[in-house]
A.B. asks: 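Here it is, the structure, as structure tokens.
In what follows, every chain begins at residue 1, and chains take the letters A, B, ... in the order their sequences are listed.
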Protein chains: 2
Amino acid sequence: MHFHHHGYVTGDPRNQAPAGIGKDRPADLPDEMDVLIVGTGPAGMITAAQLSQYPEVHTRIIEQRPGRLEVGQADGIQARSVETFQAFGFADEITNEAYRITEMAFWKPNPDNPDHIVRTSRPLDDEHGISEFPHLIVNQARVLDYFNEFMGRSASRITPDYGVEFLDLKVTEDPDYPVEVTVRHHTGKYESRERIVRAKYVLGADGARSRVRRCIGRKLEGDTAKHAWGVMDVLAETDFPDIRLKCAIQSRSGGNILLIPREGGHLFRMYVDLGEVADDDGGKVRQTSLDAIIEKANSIIHPYTLEVRHVAWHSVYEVGHRVTDKFDDVPEDLTGERTPRVFIAGDACHTHSAKAGQGMNVSMQDGFNLGWKLGQVVTGRSPEALLSTYSEERQEVAQNLIDFDKEWSTLMAKKPEEMEDPSVLEDFYVKTFEFPAGFMTEYKPSVITGTAEHQELAEGWTVGKRFKSAEVSRVCDGNPLHLGHLATADGRWRIYAFADAPAAGEDSKLSRWAEWLKTAPESPVVRFTPADGDDDAIFDTKVIYQQKHPEVDISAVPEVFKPKVGPFRLTYYNDVFGIHPQTDIFEERGISRDGAVVVVRPDQYVAHVLPLTATAELAEFFNGIFLDPDRSA
Amino acid sequence: MHFHHHGYVTGDPRNQAPAGIGKDRPADLPDEMDVLIVGTGPAGMITAAQLSQYPEVHTRIIEQRPGRLEVGQADGIQARSVETFQAFGFADEITNEAYRITEMAFWKPNPDNPDHIVRTSRPLDDEHGISEFPHLIVNQARVLDYFNEFMGRSASRITPDYGVEFLDLKVTEDPDYPVEVTVRHHTGKYESRERIVRAKYVLGADGARSRVRRCIGRKLEGDTAKHAWGVMDVLAETDFPDIRLKCAIQSRSGGNILLIPREGGHLFRMYVDLGEVADDDGGKVRQTSLDAIIEKANSIIHPYTLEVRHVAWHSVYEVGHRVTDKFDDVPEDLTGERTPRVFIAGDACHTHSAKAGQGMNVSMQDGFNLGWKLGQVVTGRSPEALLSTYSEERQEVAQNLIDFDKEWSTLMAKKPEEMEDPSVLEDFYVKTFEFPAGFMTEYKPSVITGTAEHQELAEGWTVGKRFKSAEVSRVCDGNPLHLGHLATADGRWRIYAFADAPAAGEDSKLSRWAEWLKTAPESPVVRFTPADGDDDAIFDTKVIYQQKHPEVDISAVPEVFKPKVGPFRLTYYNDVFGIHPQTDIFEERGISRDGAVVVVRPDQYVAHVLPLTATAELAEFFNGIFLDPDRSA
Ligand SMILES: Cc1cc2nc3c(=O)[nH]c(=O)nc-3n(C[C@H](O)[C@H](O)[C@H](O)COP(=O)(O)OP(=O)(O)OC[C@H]3O[C@@H](n4cnc5c(N)ncnc54)[C@H](O)[C@@H]3O)c2cc1C
Ligand SMILES: Cc1cc2nc3c(=O)[nH]c(=O)nc-3n(C[C@H](O)[C@H](O)[C@H](O)COP(=O)(O)OP(=O)(O)OC[C@H]3O[C@@H](n4cnc5c(N)ncnc54)[C@H](O)[C@@H]3O)c2cc1C
């Protein structure tokens with residue numbers, strides 16, 4: 001966070017000064033807006049939160065419910081999501097209130113006495129240290145609250161428009177606000193009225209029964225077969241010893257439970273498997289009573305017992321493995337020719353079992369992927385072509401998720417005696433560890449993702465995968481810091497320059513590259529940074545030297561790493577780093593001693609790895625992503 | 001935090017359900033109250049925050065200003081304070097917005113060219129790892145905000161009464177509300193009126209010019225000589241390379257500066273030494289202009305220059321080294337006979353230079369010391385004698401602080417050529433590292449602090465010093481945790497039972513001790529826990545086994561470590577620990593393999609170390625601190 005550079009800010013520095021639409025935001029849903037998001041689930045909220053960092057964009061988010069979600073739905077937060085929360089500034093807060101998963105237990109019928117279950121293993125949840133962030137469990141409602149706070153404090157001052165139901169949309173030829181949306185207001189000034197409003201872009205984040213999806217003619221496809229689970233969030237007394245551990249429990253009968261301890265030290269969730277839903281079920285499974293679920297749970301955990309004392313929430317959750325073929329309104333054959341105007345995200349495009357705890361997480365990554373693209377395009381910084389990459393990138397992720405989830409669900413549903421190898425479940429769990437943590441996503445080369453041509457210069461950062469943070473030391477104040485944690489969700493691109501061996505002040509590849517970036521007419525920083533803003537308004541450029549921080553002379557560091565910011569044109573010294581006293585980032589991430597340039601997208605994915613000499617390639621890469629700013633103003 | 005155990009809490013779990021006075025808190029200052037605090041500085045706010053955890057106590061905090069502090073005053077937060085914030089739940093949040101000190105630089109005249117300053121050393125700020133918490137710099141106003149949020153979310157729903165000025169008090173013979181206080185209201189219902197209100201206890205946390213102090217006839221004593229500093233919080237451009245490091249800068253002329261970088265990446269504070277204030281100064285030094293201060297700063301940092309572009313705050317801070325002889329209204333010769341009714345804390349009882357960054361910190365520890373004692377006494381849990389320990393304990397700390405500060409200030413004010421050894425300043429800084437971090441406090445044996453008789457059973461925890469946390473693993477969920485961080489500022493005493501070698505379930509000293517604690521009529525848990533509350537309402541009892549957590553069978557752990565809580569009488573499993581996979585707490589803190597009982601006060605000081613066999617001693621210790629609860633209700 002940098003603050004106070006416009007003068008002293010009294011109060012919480014997370015409260016941004018209102019700007020753009022935030023200065024005079026209409027209280028009611030207006031007739032026209034730039035972006036209209038339908039649904040305040042995880043997908044919609046993160047998109048709105050990201051767009052709140054673009055106060056020039058008028059974003060609205062409507063929700064048919066009268067207010068915030070209060071209870072229920074998903075609760076699994078993978079490390080990738082916590083990493084994302086860090087960028088939105090609330091990773092610590094939510095971690096402090098959540099339950100943290102560090103191990104998982106597997107229970108099976110006791111071979112000697114198969115009517116009794118017995119613990120067979122207890123692997124670590126993140127054995128490989130895939131992330132410095134924890135794996136958490138906390139109610140979805142709290143995640144939404146934190147995004148809500150974030151956007152409320154933003155310069156745009158976004159608050160959801162509750163009690164507004166999306167009914168229909170059509171895409172018109174209107175040059176300014178082509179998407180015509182019909183809504184019904186359930187409260188407020190327009191109570192009980194249907195209205196037509198217009199937007200430049202619409203996002204349907206309206207869940208599994210998405211009407212936006214229907215309006216653009218997309219269909220969830222895949223297995224028609226559904227699986228049902230009795231889910232309950234309860235307070236109970238039990239003699240089951242692992243009641244505060246995440247457990248997969250299989251009984252002799254084939255019944256199985258996924259047990260998820262919850263925040264606060266007492267509550268827990270049980271998913272009790274109700275099996276495949278028969279084609280002719282006709283809603284029967286959904287009638288399964290709470291008592292029946294509790295009874296089934298008791299029979300599965302035999303010889304232990306469960307005495308439920310309070311039920312906070314319960315539901316029968318019925319779901320298939322399905323995905324839509326495309327996440328926007330442009331037909332396959334017109335992709336690249338027409339600009340998408342309507343998008344869908346989250347459960348609106350993919351549904352799957354709750355078993356792998358993916359629902360909320362993948363939905364947020366959808367929104368995180370789309371948010372900045374919309375921000376860039378609506379502000380005129382980037383060409384509309386950027387928007388086609390959303391469906392391209394996220395549809396594949398969803399497809400992989402469905403495949404993974406099917407395999408996992410099938411395994412979990414198997415009776416123990418049907419398994420060739422009794423440890424097949426644990427093995428699968430351990431083998432695919434990257435997946436449930438959210439780190440398997442790898443975007444293909446595209447306008448925003450380079451090729452792997454120079455991958456060997458930074459082996460630890462696979463182009464297309466998320467930027468895994470590592471520790472460095474800040475030169476100006478000696479603070480040991482996680483480099484990645486400085487990348488907040490502000491919509492900026494990151495350019496990390498890893499120096500070659502010479503020290504600051506000496507002639508080097510780094511110093512020549514820095515000079516180019518600062519002065520060359522074709523440098524992206526020179527071309528795309530508006531003349532009247534902060535030097536780092538568009539690109540967050542940081543340098544990491546091979547020396548320890550006290551050996552770096554800050555006065556000798558090239559100017560491009562010491563941007564001038566704010567109305568007083570103050571020098572910002574916080575972008576210059578040396579290696580951490582204990583962990584050398586060059587070693588940790590396999591960075592070449594000849595230096596490297598690592599480009600990271602606003603949503604934290606590695607976009608490119610280039611040598612310090614590849615200035616033309618860097619310029620060309622950004623030429624595809626940015627438009628020259630209007631210097632006439 | 002445990003929550004959801006009274007049923008599901010939607011929303012922020014830090015919002016406690018209103019209870020006691022919080023259910024129906026009068027908006028205006030009432031005629032009668034239990035505790036009246038004067039002043040919303042750090043001393044007053046922490047006291048109110050602590051008392052907010054006693055909703056049976058009606059606490060009010062008045063402030064003559066119309067609203068919150070906005071800018072200025074102190075900014076140094078030692079690790080001990082951050083440790084304290086952790087107990088109040090906001091250490092992470094404030095750390096995220098603060099500047100973090102990891103190193104300090106010393107600048108001196110260049111021996112070869114004494115008109116130029118040069119960096120002579122750059123030691124680490126916490127070389128010894130005295131705390132796992134950072135040393136921070138952030139405006140005092142933000143600290144106050146966080147306490148304000150804490151008390152506002154508490155069951156008591158305390159908010160300060162702004163615009164109310166304390167005028168006078170007298171202690172009467174009234175059996176219920178003996179302190180009669182005259183206030184003037186500057187706003188609200190009683191605007192412009194003088195009123196008399198009554199309280200059981202009054203705390204004067206009204207700063208260096210305390211009127212409460214005057215009313216009880218205490219005087220600040222010590223040096224009459226004052227020292228003056230020009231202080232400014234500024235935005236500036238400079239070529240001084242360590243502008244983002246804490247620096248002590250001495251010039252040839254003997255002028256000196258303490259430079260403190262501030263939160264947000266740009267702002268910094270400079271203390272420019274204006275020297276001893278002459279006896280006949282008559283307020284002249286206070287007239288020193290901002291321009292004069294900036295000019296002086298420029299001359300000290302020569303050959304570097306400073307171009308100030310914006311001044312957020314500035315002041316001439318004039319202060320002596322003074323302390324009152326006692327911190328309450330009971331004359332020395334009546335101590336122990338009469339109950340103190342009026343207390344003073346913070347700057348009201350001690351003033352000293354800003355150099356060692358102690359002001360706000362020591363003031364908070366005053367309040368943290370007093371808060372729980374008032375809470376215990378007003379609720380009838382503890383005898384009034386507890387209150388006499390406040391002045392006993394804190395006066396000595398203040399005296400030590402004044403002595404330390406004098407030495408430090410004298411050293412800093414010396415001209416370089418006057419020092420026998422040029423590194424005397426750094427040496428002093430490094431040698432006394434415990435002091436500025438806030439960890440030198442060591443309370444003497446008293447009714448609430450035991451003797452060192454069994455100190456060898458837990459060598460790392462000196463009786464009377466603060467409980468330094470160490471890592472353990474929680475058995476029920478395998479979470480690696482800092483034991484000390486679980487001790488929140490809820491007013492409870494902690495009893496940590498470190499087991500002898502046998503495992504849970506086997507006969508051992510620990511199991512016998514646990515049985516005693518659960519069932520013996522003289523056990524403090526049995527005697528002092530109200531019949532109708534949670535089993536852990538008064539004592540937070542935790543067990544730490546010598547085994548790793550997966551080797552501890554939670555079913556076999558004694559019942560006293562698995563308290564029943566809440567309306568559903570749920571078992572709380574979170575009080576049982578094994579050793580951490582990497583760091584064995586028994587090794588780290590020198591705990592006997594025969595086990596030990598470590599008792600920790602609500603304000604985090606080690607109160608006692610006892611063998612597991614010393615049940616009588618434990619019972620006796622608590623007999624002096626607790627009263628039998630009224631079981632008639
Ligand atoms: C009842 C329920 C129980 C669930 N239980 C689990 C579980 O136990 N475990 C698990 O992992 N996942 C569960 N899920 C799924 C998980 O919550 C989703 O994967 C996740 O919320 C997806 O996020 P989303 O933003 O795509 O959609 P959602 O969170 O479903 O959000 C969609 C939002 O759009 C709103 N909306 C819908 N239609 C309209 C309209 N026409 N106009 C305006 N607003 C509209 C909805 O009210 C909702 O707020 C559950 C989902 C539901 C609905
Ligand atoms: C102007 C100023 C500048 C300072 N600058 C520095 C600095 O640069 N560095 C540093 O380390 N320390 C500085 N300090 C000292 C530091 O702020 C204190 O050590 C710290 O605040 C002590 O906390 P406290 O709670 O005891 O008192 P304070 O923070 O002084 O709080 C006392 C409160 O009581 C209120 N009050 C006073 N009289 C009455 C009354 N009659 N009725 C009602 N309310 C009343 C005051 O308005 C104030 O809010 C400064 C203090 C002041 C006042």
Side-chain angles (χ1 to χ4, degrees), chain A residues 1-5 7-14 70-71 89 92-93 96-97 99-103 122 124 139 141-142 145 233 235-237 239 241-245 261-267 309-310 312-313 476-480 550 553-555 565-566 568-574, chain B residues 1-5 7-14 70-71 89 92-93 96-97 99-103 122 124 139 141-142 145 233 235-237 239 241-245 261-267 309-310 312-313 476-480 550 553-555 565-566 568-574:
Chain A
M1 267 200 291
H2 54 148
F3 53 91
H4 291 333
H5 54 307
Y8 191 81
V9 183
T10 184
D12 190 336
R14 291 176 296 185
E70 301 217 327
V71 73
D92 285 340
E93 274 180 273
N96 283 343
E97 77 176 83
Y99 172 90
R100 177 173 177 184
I101 300 181
T102 48
E103 297 176 355
R122 192 170 166 173
L124 290 177
N139 194 268
R142 294 297 296 145
D145 287 345
D233 288 347
L235 297 172
E237 278 291 282
D239 52 357
D242 284 355
I243 197 67
R244 301 295 309 156
L245 266 192
R262 284 280 295 272
E263 65 277 12
H266 297 281
L267 195 74
R309 298 208 173 154
H310 180 78
W313 177 74
C476 69
D477 59 10
N479 272 218
D553 174 6
I554 193 117
S555 317
V565 300
F568 306 109
R569 302 296 291 163
L570 302 170
T571 306
Y572 190 59
Y573 291 105
N574 285 9
Chain B
M1 269 199 293
H2 52 151
F3 52 91
H4 291 338
H5 54 306
Y8 191 81
V9 184
T10 184
D12 190 337
R14 292 176 296 186
E70 301 216 328
V71 73
D92 285 340
E93 273 178 274
N96 284 342
E97 77 176 82
Y99 172 90
R100 178 175 176 183
I101 300 182
T102 50
E103 296 174 357
R122 192 169 165 173
L124 290 178
N139 194 269
R142 293 297 296 145
D145 287 345
D233 289 347
L235 298 173
E237 278 290 282
D239 52 357
D242 284 355
I243 196 68
R244 301 296 307 156
L245 266 191
R262 285 281 295 273
E263 65 274 14
H266 296 282
L267 195 74
R309 300 211 171 152
H310 180 78
W313 178 75
C476 70
D477 58 12
N479 272 218
D553 174 6
I554 193 121
S555 317
V565 301
F568 306 110
R569 302 297 292 163
L570 303 171
T571 306
Y572 189 60
Y573 291 105
N574 285 9

A.B. asks: Side chain from CB out, backbone as N, CA, C, O: work out which of these in B/Asn96 comes under 4.5 Å of a heavy atom of chain A, or both, or neither.
C.D. replies: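 When you check distances to chain A, atoms from both the backbone and side chain of B/Asn96 fall under 4.5 Å.
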
A.B. asks: Below 4.5 Å from any heavy atom of chain B, which atoms of A/Val565 appear? Answer side chain, backbone, both or neither.
C.D. replies: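 Only the side chain of A/Val565 comes within 4.5 Å of chain B.
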
A.B. asks: When rounded to the nearest 0.5 angstrom, what distance separates OH in A/Tyr8 from NE2 in B/His310?
C.D. replies: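 Separation between the atoms: 10.5 Å.
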
A.B. asks: Work out which heavy atom in B/Phe3 is nearest to a heavy atom in A/His266; give both atom names and the distance.
C.D. replies: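 Looks like O-CD2, 4.1 Å.
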
A.B. asks: A side-chain contact here means heavy atoms from C-beta on lying under 4.5 Å apart; do B/Glu263 and A/Pro13 qualify?
C.D. replies: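 SC-SC contact between B/Glu263 and A/Pro13 ruled out.
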
A.B. asks: Which one of B/Asp553, B/Asn574, B/Leu267, B/Leu235 has the most heavy-atom pairs closer than 4.5 Å to chain A?
C.D. replies: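 Most heavy-atom pairs under 4.5 Å with chain A: B/Leu235.
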
A.B. asks: Is it the side chain or the backbone of A/Arg100 that comes within 4.5 Å of chain B heavy atoms, both, or neither?
C.D. replies: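 Both parts, backbone and side chain.
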
A.B. asks: Using non-hydrogen atoms and a 4.5 Å limit, figure out which bit of B/Ser555 sits close to chain A: side chain, backbone, both or neither.
C.D. replies: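 Only the side chain of B/Ser555 comes within 4.5 Å of chain A.
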
A.B. asks: In terms of heavy-atom proximity below 4.5 Å to chain A, should B/Glu97 be classed as side chain, backbone, both, or neither?
C.D. replies: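 It is both, since atoms from each part get that close.
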
A.B. asks: Answer with side chain, backbone, both or neither: which region of A/Ile554 has an atom nearer than 4.5 Å to a non-hydrogen atom of chain B?
C.D. replies: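 For A/Ile554, the contact with chain B is made by the side chain alone.
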
A.B. asks: Evaluate the criterion side chain to side chain contact (heavy atoms under 4.5 Å, CB included) for residue pair A/Val71 and B/Thr10; output intermediate values, then yes/no.
C.D. replies: CA-CA 7 Å; A/Val71 73; B/Thr10 184; 5.7 Å; no

A.B. asks: Taking A/Asp233, A/Asn139, A/Asp239 one by one, which has the highest count of heavy-atom pairs under 4.5 Å against chain B?
C.D. replies: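 Result: the option with the highest number of such pairs is A/Asn139.
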
A.B. asks: Can you tell me which portion of A/Asp145 sits under 4.5 Å from chain B's heavy atoms? Options are side chain, backbone, both or neither.
C.D. replies: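 The answer is the side chain of A/Asp145.
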
A.B. asks: Would you mind telling me which of B/Gly265, B/Gly89, B/Cys476, B/Ala236 has the largest number of heavy-atom pairs within less than 4.5 Å of chain A?
C.D. replies: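 Heavy-atom pair counts peak at B/Cys476.
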
A.B. asks: Would you mind checking which part of A/Glu70 comes under 4.5 Å of any heavy atom in chain B, side chain (CB onward), backbone (N, CA, C, O), both or neither?
C.D. replies: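 When you check distances to chain B, atoms from both the backbone and side chain of A/Glu70 fall under 4.5 Å.
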
A.B. asks: Does any non-hydrogen side-chain atom of A/Asp477 lie less than 4.5 Å from one of B/Glu103?
C.D. replies: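 With C-beta onward as the side chain, the pair stays apart.
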
A.B. asks: Heavy atoms, side chains only, cut-off 4.5 Å: are B/Asp92 and A/Glu93 in contact?
C.D. replies: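 In short, these two side chains do not touch, never coming nearer than 4.5 Å.
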
A.B. asks: So for A/Tyr573, is it side chain, backbone, both, or neither that comes closer than 4.5 Å to the heavy atoms of chain B?
C.D. replies: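 Interface part for A/Tyr573: side chain.
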
A.B. asks: Could you look at A/Arg14 and say if it's the side chain, the backbone, both or neither that has a heavy atom under 4.5 Å from chain B?
C.D. replies: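 Contact with chain B involves the side chain of A/Arg14 alone.
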
A.B. asks: Assess the residue pair B/Arg569 and A/Arg309 against the criterion (side chain to side chain contact (heavy atoms under 4.5 Å, CB included)); give the C-alpha distance rounded to whole Å, side-chain angles, the decisive distance to 0.1 Å, and a yes or no.
C.D. replies: CA-CA 9 Å; B/Arg569 302 297 292 163; A/Arg309 298 208 173 154; 4.0 Å; yes

A.B. asks: What part of A/Pro261 lies closer than 4.5 angstrom to a heavy atom of chain B: side chain, backbone, both or neither?
C.D. replies: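 Contact with chain B is absent: no heavy atom of A/Pro261 under 4.5 Å.
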
